[in-house]
2 protein chains.
Amino acid sequence: MSTVQDRTFTIGELAREFDITPRAIRHYEDQGLLEPERRGQHRIYSRRDRVRLMLTLRGKRIGLTLQEIRELFELYDTANDDESQLFEFIKLLSRRESQLRQQQEDINAVLKEVGSLRVQCERLLEKRTGGIPE
Amino acid sequence: MSTVQDRTFTIGELAREFDITPRAIRHYEDQGLLEPERRGQHRIYSRRDRVRLMLTLRGKRIGLTLQEIRELFELYDTANDDESQLFEFIKLLSRRESQLRQQQEDINAVLKEVGSLRVQCERLLEKRTGGIPE
DNA sequence: AGCATTGTTGACGTTTACGTAAACGTGATA
DNA sequence: TATCACGTTTACGTAAACGTCAACAATGCT
């Protein structure tokens, strides 16, 4: 009988779920992002591992390196114990926050352009397809 | 007398302005993103080049590769001439748009976490600094 | 004239994030 | 029992985006 949900996952399951290769998952482990247990020599991934994998992928999508992601994990794990680490953590978060806001601006600018360009394109196409007289 | 503003820039000026190295700028040229003129063997950058450089850097910030940025430039330049290219352009824009929206979500999620973590940290610090008697 | 500054062209080096291939183990199944 | 399907380690390969010399102009002080 177990209180916590103890469903586990194989490397292939996770790979399929997140549409990445097993190789990538092993690579994340090499970089210290995951620490699956072993049943014999096979890796067994817990829910916690799965969450970390999700966070890893999200981190990647917003442009973090694997090392930075690892540092975040480490800080998150240890910050509560050490006061000076807390300051570091806050500083890191601040820096990252401004970067993210910059990215937001960039993305909004591009989305705007993308939108108007699309409209232009579509108008052009309308004109041509409609404009060819028989 | 010239109608169009014809201010030009040296590689060093642009490097300083955008806080990158001349090497990087030359690299962008190698990749077909810039086409500065030459005065003798020195590069002379026009306003158009400067704009392209800005767009390049913005593209990078939102995670485009230099090649993708070049393709966008090319499409942007030629799309008006070719109808089939227009479709390609629109498809490319659509794909990128959904990626950008995904990124927006990711960033929002992270910002949210960052915010609450910061609050947690600050509370902890308050408690400790305030909690030490004398 | 001499030296600093700024620029130029190679060309090899580096980091990140995996891909890919070899060579092998293991349990399920036809 | 043979053959998948899935997993493992080890190790070299690769693409992107520059960094980092080296070796050499051209220009501008002083």
Side-chain angles (χ1 to χ4, degrees), chain A residues 7-46 49-50 52-74 96 99 102-103 106, chain B residues 7-46 49-50 52-74 96 99 102-103 106:
Chain A
R7 172 143 165 43
T8 61
F9 310 85
T10 71
I11 197 167
E13 285 170 351
L14 292 183
R16 252 163 290 150
E17 176 175 0
F18 295 106
D19 196 32
I20 55 183
T21 66
R23 170 71 178 104
I25 298 182
R26 292 191 202 101
H27 182 61
Y28 300 152
E29 181 179 343
D30 289 344
Q31 302 307 307
L33 294 172
L34 303 172
E35 295 176 317
E37 289 173 26
R38 299 294 183 118
R39 177 114 59 227
Q41 84 170 354
H42 285 44
R43 291 169 174 80
I44 300 293
Y45 296 86
S46 66
D49 290 318
R50 207 184 77 118
R52 290 222 156 186
L53 181 52
M54 289 179 44
L55 292 176
T56 297
L57 297 177
R58 182 153 77 194
K60 274 175 54 75
R61 284 196 300 267
I62 65 172
L64 298 180
T65 68
L66 297 183
Q67 213 200 141
E68 289 174 314
I69 297 170
R70 205 198 61 194
E71 287 169 14
L72 281 175
F73 285 167
E74 285 172 3
R96 188 54 69 187
Q99 275 189 41
Q102 169 69 51
Q103 256 189 302
D106 289 331
Chain B
R7 170 137 166 51
T8 60
F9 310 85
T10 70
I11 197 169
E13 285 170 352
L14 291 183
R16 253 162 289 152
E17 177 175 0
F18 295 107
D19 196 30
I20 56 184
T21 66
R23 171 70 178 103
I25 299 182
R26 292 191 201 102
H27 182 61
Y28 300 153
E29 182 178 343
D30 288 344
Q31 302 306 306
L33 295 172
L34 303 172
E35 295 176 316
E37 291 174 21
R38 296 298 182 115
R39 177 116 59 226
Q41 81 170 355
H42 284 47
R43 291 168 172 82
I44 300 292
Y45 296 86
S46 66
D49 290 318
R50 208 184 77 117
R52 289 223 157 184
L53 181 52
M54 286 179 45
L55 292 176
T56 298
L57 296 178
R58 180 152 78 195
K60 275 175 54 73
R61 283 196 300 268
I62 65 173
L64 299 179
T65 68
L66 296 184
Q67 212 200 147
E68 288 173 313
I69 296 170
R70 205 198 61 193
E71 286 169 15
L72 281 176
F73 284 167
E74 285 172 3
R96 188 54 65 185
Q99 276 190 39
Q102 169 68 50
Q103 256 190 300
D106 289 330

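Since the structure is predicted, the reported quantities are computational estimates derived from the model, not experimental observations. Here is how names work: the chains are called A, B, and so on, in the same order as the sequence lines, proteins then strands, and each is numbered from 1.
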For [X] and [Y], work out which heavy atoms get closest and say how close.
X       : Y       : value
B:Lys60 : B:Ile69 : N-CD1, 3.8 Å
A:Gly32 : A:Arg70 : O-CG, 3.4 Å
A:Glu35 : A:Asp49 : N-OD1, 3.7 Å

*Nearest-0.5 Å distance that lies between atom CD in B:Gln31 and atom NE2 in B:His27*: 4.0 Å
Find the distance [X]:[atom1] to [N]:[atom2] and express it as a whole number of Å.
X       : N      : atom1 : atom2 : result
A:Leu34 : C:dC18 : CG    : P     : 12 Å
A:Ile20 : C:dA17 : CD1   : P     : 14 Å
A:Gln41 : D:dT9  : CD    : C1'   : 8 Å
A:Asp30 : C:dT16 : CG    : C1'   : 14 Å
A:Leu33 : C:dA17 : CG    : P     : 9 Å
B:Arg39 : C:dG7  : CZ    : P     : 14 Å
A:Ile11 : C:dC18 : CD1   : P     : 13 Å
B:Glu29 : C:dG7  : CD    : P     : 14 Å

_Side-chain N,O (B:Arg43) to OP1/OP2 (C:dT8) below 4.0 Å_ = yes
*asked:* Contact between A:Arg38 and A:Arg43 at the side-chain level, heavy atoms closer than 4.5 Å - yes or no?
replied: yes
_Could you tell me if the side chain of A:Leu33 sits less than 4.5 Å from the side chain of A:Arg52, heavy atoms only?_
no
*asked:* Within the 4.0 Å heavy-atom criterion, would you say B:Arg38 contacts the bases, only the backbone, or no part of the nucleic acid?
replied: sugar-phosphate
*Reading nucleotides 13-20 of chain D 5' to 3', which nucleotides get B (base under 4.0 Å from a protein heavy atom), which S (sugar-phosphate only), which -?*
---SBBBB
